[in-house]
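Down below is the structure, laid out as structure tokens.
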Amino acid sequence: MRPKLTPTLTPRLTPRLTPRLTPSLTLGEAFASGRNRFDPMRLGAALLVLLSHCWVLTGRDEAEPFAIMMRHVLDGGGLAVAMFFVLSGFLIARSAERAVEGSGVWAYAKARAARIVPAFFMAVQVQTLLIGAWATTSASYWREPGVMIALVRAPIFSVPPGLPGVFEANPLPGIVNGSLWTLRIEVLCYVGVLGLAALGSLQRRRVLWPLAATVLALGVTIASREGYLPWPLSSIRVVSIVDCALHFMAGAALWSWRDRVSIRPWWAVAGVGITLALAGTWAAPLALHAALPYAVLCLGLSGAWRLPMDISYGTYLYAFPIQQALVQALPGIGPAGLAALAIPLALAAGAASHVLLERPAMRWARSAP
């Protein structure tokens, strides 16, 4: 008689669930979702310029903490301006593409002019007719040609840095608004990127040519500054123009490659780390221009944070003259005290500029035929 086999219970093998890694979003996918941090980043950049200037305007520029933290690759103001141009290049390249594809050049020009012109003109009027008249030591301020020159040159974004008798006894003497120099470069970049879009040079494969040209221009200016080339390209103005244009062009190129470039924060951190490791060498500026645009857009598109209104532009326009006026009114004030007083005043000026000028102008640009 065969023994009766009793069935043994064998454990059921359940498949082990391995975590499935979700692919990283591309820049284009993240931007299309509408989730970004561009508004607070722009406001943060405007405040970073203000904070950096607190050391410069009180005569303590050698102790500027952001430059020390970044090993003098750039200071806080330079980092903020680079952020502005990268974000602007990314967003304006989109607008230029849309203009060429159908919305029209006039719509593009209206939108760009409405965004920057009214607030800029008003800031020039305020610093010339109000702050300058209050701060001047010239008894004939209104008869000085420098006052009229400042007003007349505003339409071409070439306002002189000083006004007659204004802030001449400050630690940084004679400079009324040292932040306005970037606006002329910004306008030129608006025109240039529209031309590239019209030529088809913002397409993914063709955008390498204008990007390579700006990288070459940066290399030439660095070589001139280091004394390797006898060309007169080492002035701070030339270097600043090339720096800003290359950051803008890098942002525009990343817009063209938005569907191929993934958001990987650790890559951004590694790029910034390599840049800081190269501090003090000729390669640091090149590494900065390679790493910073990607890092800025990774930060801006890796989450969502919107502000009720974008007051960054007005804050940037008014911060410098407000700080200079405070330094004149309160001799001996330090960076911390200047920051504590200037930040709320600059934010209030930025909010007033947005509500009274920028928002109505943008509304007109969208509605006007």
Side-chain angles (χ1 to χ4, degrees), residues 46-47 49-50 52-54 56-58 77 80-81 84 112-188 190 236-237 240-241 311-331 333 338 341-361:
L47 292 176
V49 171
L50 185 155
S52 178
H53 285 163
C54 285
V56 176
L57 297 180
T58 55
V81 169
F84 277 131
R112 303 281 62 80
R115 181 70 181 92
I116 66 171
V117 171
F120 175 82
F121 282 5
M122 181 56 71
V124 173
Q125 303 288 324
V126 169
Q127 72 186 36
T128 304
L129 304 179
L130 296 181
I131 296 178
W134 167 79
T136 187
T137 57
S138 172
S140 58
Y141 178 77
W142 297 110
R143 296 191 298 274
E144 295 281 355
V147 176
M148 185 56 65
I149 290 173
L151 299 175
V152 169
R153 288 174 57 177
I156 59 172
F157 294 91
S158 181
V159 179
L163 289 168
V166 178
F167 302 140
E168 291 183 346
N170 283 10
L172 186 66
I175 307 297
V176 177
N177 196 337
S179 298
L180 297 185
W181 64 271
T182 62
L183 272 299
R184 182 162 51 170
I185 303 173
E186 181 89 3
V187 172
L188 294 175
Y190 289 171
I236 189 171
R237 176 173 295 182
S240 299
I241 291 172
I311 63 172
S312 58
Y313 183 44
T315 302
Y316 177 79
L317 289 176
Y318 288 98
F320 198 103
I322 287 174
Q323 289 173 279
Q324 282 283 59
L326 288 170
V327 170
Q328 176 170 307
L330 302 169
I333 190 172
L338 181 58
L341 294 175
I343 288 175
L345 292 174
L347 290 175
S353 175
H354 178 82
V355 172
L356 299 176
L357 290 172
E358 298 166 44
R359 190 162 61 188

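- In plain terms, the two heavy atoms of Ala133 and Thr136 that are nearest each other are O-CG2, 3.6 Å.
- The line from CD of Glu186 to CD1 of Ile116 is 6.5 Å long, rounded to the nearest 0.5 Å.
- For the atom pair OH (Tyr316) and CG (Leu50), the distance works out to 11.5 Å, reported to the nearest 0.5 Å.
- A distance-only check finds a donor-acceptor pair linking the side chain of Thr58 to the backbone of Cys54 [under 3.5 Å].
- Using a distance-only test at 3.5 Å, with no hydrogens or angles considered, a donor-acceptor pair links the side chain of Asn177 to the main chain of Ser179.
- Val126 has its side chain within reach of Tyr318: a pair of non-hydrogen atoms, C-beta onward, lies under 4.5 Å apart.
- Side-chain contact between Leu183 and Val187 is absent, with no heavy-atom pair separated by less than 4.5 Å.
- Residues Ser240 and Trp181 share a closest heavy-atom pair of CB-CZ3, 3.8 Å.
- Residue pairs that meet the side-chain hydrogen bond (donor to acceptor under 3.5 Å, both in side chains) test with at least one member in residues 152-166, sequence neighbours left out, are Arg153-Ser158, Ser158-Arg184.
- Within the model, atoms CD1 of Ile333 and CD of Gln328 stand 13.0 Å from one another, a figure rounded to the nearest 0.5 Å.
- Within the 4.5 Å cutoff, the side chain of Leu317 has no heavy atoms near those of the Val124 side chain.
- For the pair Leu338/Leu330, no side-chain contact is recorded, criterion being any heavy-atom separation below 4.5 Å from C-beta on.
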Practice task
Go through the steps to decide whether Leu172 and Gln323 satisfy the test side-chain contact (heavy atoms from CB on, under 4.5 Å), and finish with yes or no.
Solution key: CA-CA 11 Å; Leu172 186 66; Gln323 289 173 279; over 6 Å; no
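- A heavy-atom distance below 4.5 Å is found between the side chains of Leu57 and Gln324.
- For the pair Leu129/Leu151, a side-chain contact is recorded, criterion being any heavy-atom separation below 4.5 Å from C-beta on.
- Considering CD1 of Ile131 and CD of Gln125, their distance stands at 12.5 Å, rounded to 0.5 Å.
- Using cut-offs of 30° and 60° for the angle between ring planes, the Phe157 and Phe120 rings count as tilted.
- Contact annotation: the side chain of Thr128 never approaches that of Val159 to less than 4.5 Å [non-hydrogen atoms, C-beta and beyond].
- Among residues two or more places apart in sequence or in another chain, the salt bridge (Lys or Arg N to Asp or Glu O under 4.0 Å) test is passed with Arg115 by Asp310, Glu358.
- Panel note: side chain Tyr141, backbone Pro164; no donor-acceptor pair is recorded below 3.5 Å.
- Residues Val166 and Trp134 form no side-chain contact, since every pair of their non-hydrogen atoms from C-beta on lies 4.5 Å or further apart.
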